[in-house]
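Below is one structure, written out as structure tokens, with a few remarks after it.
Because only heavy atoms are used, hydrogens play no part in the values below, and waters and symmetry mates are left out as well, while side chains stay in. No experiment lies behind these values; they were computed from the predicted model shown. Start at 1 and go down the list; that is how both ligands and their atoms are numbered.
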Amino acid sequence: MSTIPAARAPQADTARPASGARAELARRSWYYMSLMREVEDRIERKLYRQGKILGGVYVGRGQEAIPVGSALHALPQDVLLPSHRDMAVFFIRGVPLGRIFAQYMGRADGLTRGRDGNMHMGDMSVGVVSIISALAATVPVAAGVAMALRYQGKDGVAFSYFGDGATSRGDWHEGVNFASVQKLPVVYICNNNQYAYSTPLTSQMACANVADRGPAYNIPAEIVDGNDVLAVYDATGRAVEHARSGLGPYLLECKTFRMTGHSAHDAAHYVPPEMFEDWSKRDPITLVETRLVDEGWAERAEMDELRAGVVREVDEAVAWAEKSPYPDPATLLDGVYE
Ligand SMILES: Cc1ncc(C[n+]2csc(CCOP(=O)(O)OP(=O)(O)O)c2C)c(N)n1
Ligand SMILES: [Mg+2]
């Protein structure tokens, strides 16, 4: 297969009258969130329904501000451990869109070379650790990553992503405790979307906030508006500065809502409909778009053009991935443990 370029992030445009660091950040955030929405819509609402993707499909609809606002802080030496609603982490690290579609369609050019037709993927060449299916198992791994970075004399930070439900698992507590005792450079990013599959928050933890778990491990914890990408960006900045300067881990609880069922095969009948209605008024992409226009950082017409560009980019990536072959059965045992 020919090589395919990484996501086309807009570059700083110094000719724009209203451009400044904040405007450029908002534009970049809008782009990555819109790309994640379009890629996941294509996966869940088209390719999956066409039978081109098999198995479970999980998306981060309405939660895009969390991976975007946080991962935009990552430096090349940092290592990210995304969870199943953090697709944008891959784009921000430069993984080509075509490879993501090839992954989901089980093709040889997918990140797992056709071994997994799902989101259990990573790419250590760009510092992204593969998603681990067992909830919270990634949290002790993040501590190990941070310890390795320190041992190697790098000033990298581990970005550890998980949901609210994961924080009730034993591995979560063990991993966070160890990282705190060792003062490891880990930033914990919790997507609190108020459900763990069909279990609402109140049936799964006795404290009001995930952030309330921070003091037990003597680490700073912040509650963040998880639908405001600039708020997530600012909070992550504080967390990364803390971790990188040797002060140890930092916990961010990003409050948001899962605007879908748990997965493509779950209609979420157990969620009160008014919750969807209320949260639809706080769509993170619409919020930043309104901000862009209100601040004079972008024109409406320009946003429409940019959106069309995102759709074109995704069309090209899907077409590229559909040309990728299925893996050669003779390679079945390559890359696995004996
Ligand atoms: C140890 C373990 N138990 C159960 C599951 C099945 N499972 C996958 S995701 C999920 C819900 C996770 O909830 P949360 O951590 O809040 O993340 P969310 O899906 O809401 O983003 C469950 C129960 C699993 N993957 N691992
Ligand atoms: Mg959850």
Side-chain angles (χ1 to χ4, degrees), residues 33 36-37 39-40 43-44 48 55-71 80-90 104 112 116-122 129-142 159-176 188-214 221 223-227 232 251-272 275-276 278-279 282-284:
M33 289 198 291
M36 174 167 162
R37 178 76 56 90
V39 167
E40 291 192 334
I43 287 171
E44 188 199 15
Y48 177 70
V57 163
Y58 309 83
V59 297
R61 178 168 263 264
Q63 300 141 82
E64 295 90 346
I66 299 167
V68 172
S70 55
L80 296 91
L81 300 94
S83 191
H84 52 293
R85 307 205 194 272
D86 300 311
M87 170 82 86
V89 164
F90 291 86
Y104 274 82
T112 59
D116 181 275
N118 211 291
M119 80 296 178
H120 307 105
M121 55 181 180
V129 175
S130 197
I131 295 170
I132 305 175
S133 194
L135 283 182
T138 184
V139 177
V141 175
F159 287 56
S160 176
Y161 293 86
F162 44 79
D164 46 282
T167 72
S168 293
R169 294 281 310 168
D171 317 35
W172 189 88
H173 295 269
E174 206 171 314
V176 173
Y188 295 112
I189 301 142
C190 177
N191 167 332
N192 180 353
N193 58 16
Q194 312 189 49
Y195 279 87
Y197 207 139
S198 53
T199 308
L201 213 57
T202 47
S203 304
Q204 131 340 71
M205 58 186 224
C207 46
N209 306 294
V210 169
D212 298 341
R213 300 195 191 280
I223 294 174
V224 186
D225 178 350
N227 285 38
V232 175
L251 170 62
L252 299 174
E253 174 187 7
C254 304
K255 303 246 195 211
T256 185
F257 193 66
R258 197 188 68 196
M259 291 301 289
T260 59
H262 173 65
S263 58
H265 56 266
D266 170 27
H269 292 309
Y270 49 84
V271 176
M275 289 190 85
F276 285 118
D278 290 348
W279 282 89
R282 300 211 68 247
D283 181 89

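- Protein atoms that are N, O or S and lie under 2.8 Å from the Mg ion (ligand 2) are these: Asp164 OD1, Asn193 OD1, Tyr195 O.
- Remark: side-chain polar atoms of Asn118 are paired, donor with acceptor, to backbone N or O of Gly56 under 3.5 angstrom.
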Please table the atom pairs, donor to acceptor, closer than 3.5 Å between any side-chain atom in residues 195-208 and protein atoms at least two apart or in another chain.
residue: Gln204; atom: OE1; partner: Ser168; partner atom: OG; Å: 2.3
residue: Gln204; atom: NE2; partner: Asp164; partner atom: OD2; Å: 3.4

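- The CG atom of Asn227 sits 5.0 Å away from the CH2 atom of Trp279 when rounded to the nearest 0.5 Å.
- Note that CD1 of Ile189 is 7.5 Å distant from CG of Leu80, once rounded to the nearest 0.5 Å.
- A donor-acceptor pair is defined here as one N or O able to donate and one able to accept, closer than 3.5 Å; no such pair exists between the side chain of Glu64 and the backbone of Pro284.
- Separation of atoms CD1 (Ile66) and CG (Leu252) is listed at 10.0 Å; rounding is to 0.5 Å.
- Listed by chain and number, the residues in a ring-ring contact (aromatic ring centres under 6.0 Å, His included) with Phe159 amount to none (sequence neighbours excluded).
- Without hydrogens or angle criteria, His84 side chain to Phe162 main chain gives no donor-acceptor distance under 3.5 Å.
- Distance OH/Tyr48 to OG/Ser263: 7.0 Å, rounded to 0.5 Å.
- Ordered by chain and residue number, the residues placing a heavy atom less than 4.0 Å from ligand 1 are His84, Arg85, Ser133, Ala134, Leu135, Gly163, Asp164, Gly165, Ala166, Arg169, Asn193, Tyr195, Ala196, Tyr197, His262.
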